[in-house]
K.L.:
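The structure is given below, and queries will be raised subsequently.
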2 protein chains.
Amino acid sequence: MQGYDKYAFEPFAVTVDLAVLTLRAGALHVLLVERGQEPFAGRWALPGGFVLPRESAETAARRELAEETGLSDVSGLHLEQLRTYSDPDRDPRMRVVSVAFTALLPDPPEPHGGGDAAQARWLPYDQARPLAFDHDGILADAHDRVGAQLEYSCLATAFCPPEFTLGELQNVYETVWGVELDRPNFRRKVLATPGFVEPVPGAARLTGGRGKPAALYRAGTATTLHPPLLRPSREGRPA
Amino acid sequence: MQGYDKYAFEPFAVTVDLAVLTLRAGALHVLLVERGQEPFAGRWALPGGFVLPRESAETAARRELAEETGLSDVSGLHLEQLRTYSDPDRDPRMRVVSVAFTALLPDPPEPHGGGDAAQARWLPYDQARPLAFDHDGILADAHDRVGAQLEYSCLATAFCPPEFTLGELQNVYETVWGVELDRPNFRRKVLATPGFVEPVPGAARLTGGRGKPAALYRAGTATTLHPPLLRPSREGRPA
DNA sequence: ACTCTTTATAGTCGTGAAGACTATTAGTCG
DNA sequence: CGACTAATAGTCTTCACGACTATAAAGAGT
């Protein structure tokens, strides 16, 4: 891009789309809004909106996240740019380039519902499709990304409340990956990774009534996992 | 994003920026163009340009890649979306949202120089800064991403010609990571990963005259490395 | 021709991480 | 009080990997 001829380019509308994921009742859920107008009227879609003139995409995404979830403080929530979707025909009305984000919530509040969205609610990830526009693909990309990031980052704690048990942390991995993990081994691995979690002294919580109370942990200072926590059975043992 | 009020959004210019990386003489190089106009006249910048009305960002990026490198066939080259940069003030003239891509080239052709760029050339990665606009940050992000992807993907072969020796493949890792790897161990690890590389039967190449000729390999069918090839000395052995 | 250097390739050894599994502890529920 | 449940502790075996040594195949120098 050298000289800027003001007639050398077409102006595009720039939006953000949010794949807001959470764990509810042991299942992965995604925050969706019901579309009121055509196209895709009545269809569920990822929340999002236009980037305002003086906003970066990140700022717009966090603003939309606050509006759609109704949470007063979204500053601590994990929000990360996923990818930009720019197919010329992804919106039948006009040329829209959308910067997609993934957001991870620990405890799911009932969605605000307000804003300009006709209706907002959590839907189980498996029952979300078909979504409007190219949102099926965006949602799939978000799931892939989060699943991969669980392997080599401390992202899993973003799904958990400030204080959590190792069982809850394990549930994050098992739910997102769709696999079962061995509990003692998971525990050994997590505790052996410096900075992943740190114990809350003297605290314990009953996970739901039955069983031995679990010790509580907080997210540690580390951001990356070295070595990573690899998901099992990807290529299996050959032969 | 519900209804589209045509006055509800500001039109943005959408561009692509390319971080084109290659290995020259054992050092990481990046393709840069010299800016002709203000702002940042005379400063080096990442190649890029406007997304055309009927293009996706990916299409625009591949078109720019062909223009800037002068290569006739860029269809086989590794090109991947990096991230979108949307700070309102990243271009002093107007509101420009840029979708950045990383591209990896095996053998560096002398850059075309033509196109609308004043001048295009390969610069060693370490001597590239300071670049125009926010391109220092984009370049750093590209380097980070490529370095991370070497760990868990077969990306390294994108830096190599169609047939390469394991020594050349190891040079990719060593150059991008800036570390030295043990040759026998690297060899064992690569060959033990199914689908990473496959031998070219009966072929051998002298790496540069001296020494035993090395066997040639081709890129395999795998795309991800399981388990990953972790870079050493990140957190060291504690205690 | 012989040796030295260089690079590729083969193999060895010890440590440690991780999967599979068993045992114990500390709670609730009937 | 026992049955049940979930957390936590510990064992054993396998295997990946870092460190290291040895051998093979080429060119360069004398």
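Protein chains get the first letters and strands the later ones, always in sequence-line order, with residue 1 at the start of each.
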K.L.:
Looking for any heavy atom pair under 4.0 Å, which part of the strands does B:Ala192 touch: base, sugar-phosphate only, or nothing?
P.N.:
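If one applies the 4.0 Å heavy-atom cut-off, B:Ala192 turns out to touch nothing in the nucleic acid.
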
K.L.:
Can you find a side-chain donor-acceptor pair between B:Tyr85 and B:Asp141 that sits under 3.5 Å?
P.N.:
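Indeed, the side chains of B:Tyr85 and B:Asp141 share at least one donor-acceptor pair under 3.5 Å.
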
K.L.:
Among D:dA24, D:dA26, D:dA6, which nucleotide sits nearest the side chain of A:Lys212?
P.N.:
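For the A:Lys212 side chain, the nearest candidate turns out to be D:dA6.
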
K.L.:
If each of A:Asn185 and B:Leu230 is mapped to the nucleotide of DNA chain D with the nearest heavy atom, which maps nearer the 5' terminus, i.e. the 5' end?
P.N.:
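The residue mapped nearer the 5' terminus is A:Asn185.
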
K.L.:
Check if the side chain of A:Arg188 and the base of C:dG19 share a donor-acceptor pair of N or O atoms closer than 3.5 Å.
P.N.:
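Result: at least one qualifying N/O pair found.
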
K.L.:
Are the side chain of B:Thr102 and the backbone of B:Leu82 linked by a donor-acceptor contact shorter than 3.5 Å?
P.N.:
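Here the side-chain-to-backbone pair does not exist.
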
K.L.:
Output the rounded distance in Å from CG (B:Leu181) to C1' (D:dA16).
P.N.:
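Taking CG of B:Leu181 and C1' of D:dA16, I get 16 Å after rounding.
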
K.L.:
What does B:Arg187 touch in the nucleic acid at a heavy-atom separation under 4.0 angstrom: a base, only the sugar-phosphate, or nothing?
P.N.:
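Sugar-phosphate, no base atom in range.
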
K.L.:
Quick one: B:Arg210 CZ to C:dA8 C1', roughly how many Å, whole number?
P.N.:
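It works out to 15 Å between those atoms.
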
K.L.:
Does this structure show an ion pair linking B:Glu58 with B:Arg62, if we count only N-O contacts that are shorter than 4.0 Å?
P.N.:
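No, B:Glu58 and B:Arg62 are not salt-bridged.
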
K.L.:
Just the rounded figure in Å: distance from P of C:dA8 to CZ of B:Phe164.
P.N.:
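Nearest whole value for this atom pair: 14 Å.
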
K.L.:
Over how many whole Å does the gap from B:Arg231 atom CZ to D:dG18 atom P extend?
P.N.:
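So the two atoms are 14 Å apart, to the nearest Å.
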
K.L.:
Report the distance from atom NE2 of B:His226 to atom P of D:dA16, rounded to the nearest whole Å.
P.N.:
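Atom-to-atom, B:His226 to D:dA16, this comes out as 15 Å.
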
K.L.:
Taking atom P of D:dT13 as reference, at what distance in whole Å does atom CG of A:Asp182 sit?
P.N.:
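That distance rounds to 17 Å.
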
K.L.:
What closest approach, in Å, do B:Ala132 and B:Ala45 show between heavy atoms, and which atom pair accounts for it?
P.N.:
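Closest heavy-atom pair between B:Ala132 and B:Ala45: CB-CB, 4.0 Å.
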
K.L.:
With no hydrogens and no angle check, is any side-chain donor or acceptor of B:Trp177 less than 3.5 Å from a backbone partner on B:Gly147?
P.N.:
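At least one qualifying donor-acceptor pair exists.
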
K.L.:
Can you tell me the distance, in whole Å, between the CZ atom of A:Arg183 and the P atom of D:dA6?
P.N.:
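Distance, rounded to whole Å: 8 Å.
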
K.L.:
Starting at atom CZ of A:Phe186, determine the distance to atom C1' of D:dA6, rounded to an integer number of angstrom.
P.N.:
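Going from CZ in A:Phe186 over to C1' in D:dA6 covers 15 Å.
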
K.L.:
Has B:Lys189 got a side-chain N or O lying under 4.0 Å from the OP1 or OP2 atom of D:dC17?
P.N.:
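Checking B:Lys189 against D:dC17: at least one side-chain N or O falls below 4.0 Å of OP1 or OP2.
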
